[in-house]
Amino acid sequence: MDLTVNGERHNLQVDRERSLLSVLRNELELTGTKYGCGEGNCGACTVLIDGEPSQSCITSASAAAGREVTTIEGLERDGELHPVQQAFAEHSAFQCGYCTPGFIISTVGLLSRKPDPTDAEIRSGLNGNICRCGAYTRIIRAVKSAAAGAEGNAK
Amino acid sequence: MVSTPSRSPRRTNSDGLTFEGFGKSYEKVDGADKVTGRSKFGADFTLPGSLHGKIVRSPYAHARIISIDTSAAEKLTGVHAVCTAADFPSDISGDLDTGEVDIGIQFLANLMMARRKVLFEGHPVAAVAATDAHIAAEAARLVKVEYEVLDPVTNPIEAMAADAPLLHEGLVARSLSGTGDRPSNISAHMEVGRGDVEKGFAESDVIVERTFKTSIVHQGYLEPEAETVYWQENGHIDVWANTQGSFAVRGNLANLMKVAAGNITVTPLEVGGAFGAKTIPRVTPVAAILSHKSGRPVKIVLNREEVLKATGPGAAAVVTVKMGATKEGKIKAAQARLVYGAGAFPGAPIMRGVQSVFACYQPENSRVDGYDVVTNTPRVAAYRAPGATVSSFCTEQVMDELARKLNIEPIDFRIMNASKTGDYTVDDNQYTRIGIVEMLQAAKAHPAYTRPIKKSKNGWLTGRGVGIGWWPCGVDQASSRMLVQPDGRVALTTGSVDLSGVRTGLSQLAAETLGIEPSEVTVRVADTDNIPFTGSSAGSKVTRTQSDAVYKAGMAVIDIMRNALAPRFNLEAEFVEYEKGHFFARDNQENKISFKKAAKIINAQAIPIEATASSDPKMRPANGYALNIADVEIDPDTGKIQILDYTLFQDVGRLMNPTQVEGQMHGGAAQGIGWALNEEYVYDDRGQMRNSSLLDYRMPTALDLPMMECVILETPADDGPFGIRGVGEPPIIPPAAALANAVHDATGARITELPMSPERVFWAMRDKSDKG
């Protein structure tokens, strides 16, 4: 099957029912996307499929074929961090950092739908992601800062 | 361990000294790697040629193993090794290093791989290694195990009964008053106390006694255990593990495999959360046996169901607390009986439970009994301040009730009876410097305590509760090496695994010691061959103990540089001074040499600027303590609790990096709130876990938690150069207590069981109104 990940097309000989997460991690060696529960409950495996945050552990590889998949490795542009990545680093919006790629991808998806979200919209927008280190307060700060930065650039 | 004797003046206790870089927030040094997904966690590391290991687990909570047939699995194409307990050395002995919770070596071996009996659902009985994960899974299914199923017991109180199913036929309770006379599920009985509690209760005007229950909870780290072991033909074993303690893995593996520790190298990987659980070996010994049999590296990665059913969660407990006080508010007697479920093998955190249950206070007479009980549930591990959260939930509610009965404001009642520096714990340890009274007074004066509770927009009942908690914090040898590069950058190599901020914190400690910027220091975590012994990153001790090691290494480095520069100043080294990044002659400060320039000059002379140091073994623990003020609203129709306001207080000794401290405080409170309101293991009567997914074992998300204000207090700790206290564990302790007291304030009902689910709160309210 043909899988386009971070703008690069791959022709893969894999079981069509294998999870996208497994294909990303094991075939394409993109290990930034994490396994947390395998059942779509924790958000550690979140990737963008055609711009929409999707849980790659419960998405079959074939369901992503022919669509644009973006992982955490695909957010940087010309060696520059994506503004959301920048904001998470600046606000230390994590402790262990394991859930961070999933949160960042979910945030990119959220901000593309709602460029200037309220606190409540951020909380419900990120409700599918678990941060067991409990960095939520700082994650919300980082999301707001990234939103404000993007708005500032637009003006 | 310092390579040159330090002659630089030692800035001893931090009292009165100011530290220029302390109190400033620094970004995490591993931030860029974490936000790009470049950090290598356990499952992200793959050695070429690795086999995939899969563990075969018992479907039963309690059964005798009649036979294991591995022949079909062995014949499957792609399978390179199959192992059972028969492949593990059986006559093993030795010391174990498991951080905060003890376990005997033979028990540990049997926990890794069941021998004769399985004792919990998910107990390993065999394991396979194959060329890919799918073949490994298929081979695991082909292992045929015949069981004789036995009745299980999952509740620690039921397990204590004389007619309870016996887990270990030879287990006889240990206690101070001698060992028991017949086998039971009670593995140990601890008893401590001061004075005469019966006399104390007789002298009390008011007595309150309540029994509390808490369930098994999981640390909930998002990254499952994932480890790779390569047992090479030359006998050397290499391990890559997402562990809290690389030296603990080495020591435990050496004992379990009967291999010299020097033949094992452990390289720690990034750890995606641990909270105490990743101190006990889980996967490494199994991967080691499979690697030995196959001659190939073996990687084992657990899935979420395995993590919940078969790693080491936090213990369930049943605790009775009885306290008596005079009408003036003096606590005359305090008695507690703690029963902790250890899971399948002995070793619940009863000692910490016993120590912490009355630690914040000074009852005139005390008596505490702790029971360690085995049950058909997974063997527990440490969970962030193990024992103390349960202690606080129980004692703080009894304190609140006692104060209300005495018509004394609860916070004043706490202040009147609080432990102070130099007082003694129930088990006769003297407190080093503490500031519990100061913390209570700071809370009492804070707006979070003095302002009115917000009105409920839903028209629900509202209330405010206070809870405090104490934690001893640990000490252990900690080692670091400092090397000054020719360009003046400092390379710091440390033995402490970085769970959430070790590299960031140690760069700040090194910078503070040397008078340079943290950005000029690069910290790396070493494997076990490249640094002296360092204890696990557990017990809230890393920054405190490493502060001593890093400071000593820094002082030694400065001495090397002063000695090397002395000829340039035409002076003896003792007349060369170092301050704020510059070397100069004591009598002539005109001609200064910067740290950077000195590094270049000295390295050019082929003089190594390097020192390794370990922390002082005489360093005593510096206790941690925290307080929460919780404002809640409660739906009278459903019992649902919502948090209106939440404020955290904690004494950190010396505040280094506010961002890091805030992170720990928020994180501990988030876990504490989850434990208080949502989280518990649910077992059926066959000992099967009914909620082994993250959908049913519900941890807090962004929607569940309030914004939390942090109030950071500083009572410098005794010992060590900077007065630092441990920060990581104390924040999880007070939430259950503060929330339970807030529920009582709102409803008049006492919630004596965790979690405080809507159902429990509803029935407690109903019970109370029935009784009028």
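Note on naming: letters A, B, ... go to the chains in the order of the sequence lines (proteins, then strands), and numbering restarts at 1 for each one.
- Aromatic pair Y98(A)/F41(B): ring centres closer than 6.0 Å.
- Heavy atoms of T659(B) lying under 4.5 Å from chain A belong to its backbone as well as its side chain.
- Only the side chain of E39(A) comes within contact range of chain B, judged by heavy atoms closer than 4.5 Å.
- Contact of Y136(A) with chain B is made through the side chain alone, with heavy-atom distances under 4.5 Å.
- The residues R38(B) and E76(A) are annotated as salt-bridged, a charged nitrogen and a carboxylate oxygen being separated by less than 4.0 angstrom.
- Inter-residue side-chain proximity for Q244(B) and V497(B) is flagged as unmet; no heavy-atom pair is nearer than 4.5 Å.
- When heavy atoms are compared at a cutoff of 4.5 Å, L694(B) approaches chain A by way of both its backbone and its side chain.
- Note: R141(A) leads R141(A), H82(A), E73(A) in heavy-atom pairs under 4.5 Å with chain B.
- Side-chain contact between Y681(B) and V217(B) is absent, with no heavy-atom pair separated by less than 4.5 Å.
- For chain A, the option among G674(B), P706(B), G667(B) with the highest count of heavy-atom pairs below 4.5 Å is G667(B).
- In this structure, chain A has no heavy atom under 4.5 Å from any part of I732(B).
- We find that K299(B) and E225(B) are not joined by a salt bridge, their nearest charged nitrogen and carboxylate oxygen being 4.0 Å or further apart.
- K40(B) NZ: more than 12 foreign heavy atoms inside a 6.0 Å radius.
- Side-chain N/O atoms of K24(B) and Q508(B) include no donor and acceptor closer than 3.5 Å.
- Among G38(A), A89(A), G43(A), G32(A), the residue with the largest count of heavy-atom pairs under 4.5 Å with chain B is A89(A).
- Among the candidates C37(A), G40(A), C42(A), the residue making the largest number of heavy-atom pairs closer than 4.5 Å to chain B is C37(A).
- Looking at I130(A), the atoms closer than 4.5 Å to chain B (heavy atoms on both sides) sit in the backbone and in the side chain alike.
- E90(A) touches chain B through backbone and side chain together, each having a heavy atom under 4.5 Å away.
- Neither the backbone nor the side chain of E270(B) comes within less than 4.5 Å of any heavy atom in chain A.
- For the atom pair CD1 (I139(A)) and OG1 (T100(A)), the distance works out to 7.0 Å, reported to the nearest 0.5 Å.
- Figure legend: cation-pi geometry between K278(B) and Y221(B), with NZ or CZ positioned under 6.0 Å from the six-membered ring centre and within 45° of its axis.
- Counting heavy-atom pairs under 4.5 Å between each of T71(A), N26(A), N41(A) and chain B puts N41(A) at the top.
- For R698(B), no part lies near chain A; criterion is any non-hydrogen pair under 4.5 Å.
- Interface remark: of the candidates P224(B), A670(B), A133(B), P224(B) forms the most heavy-atom pairs closer than 4.5 Å to chain A.
- Ring geometry, Y697(B) versus H218(B): the interplanar angle exceeds 60°, so the pair is classed perpendicular (tilted spans 30 to 60°).
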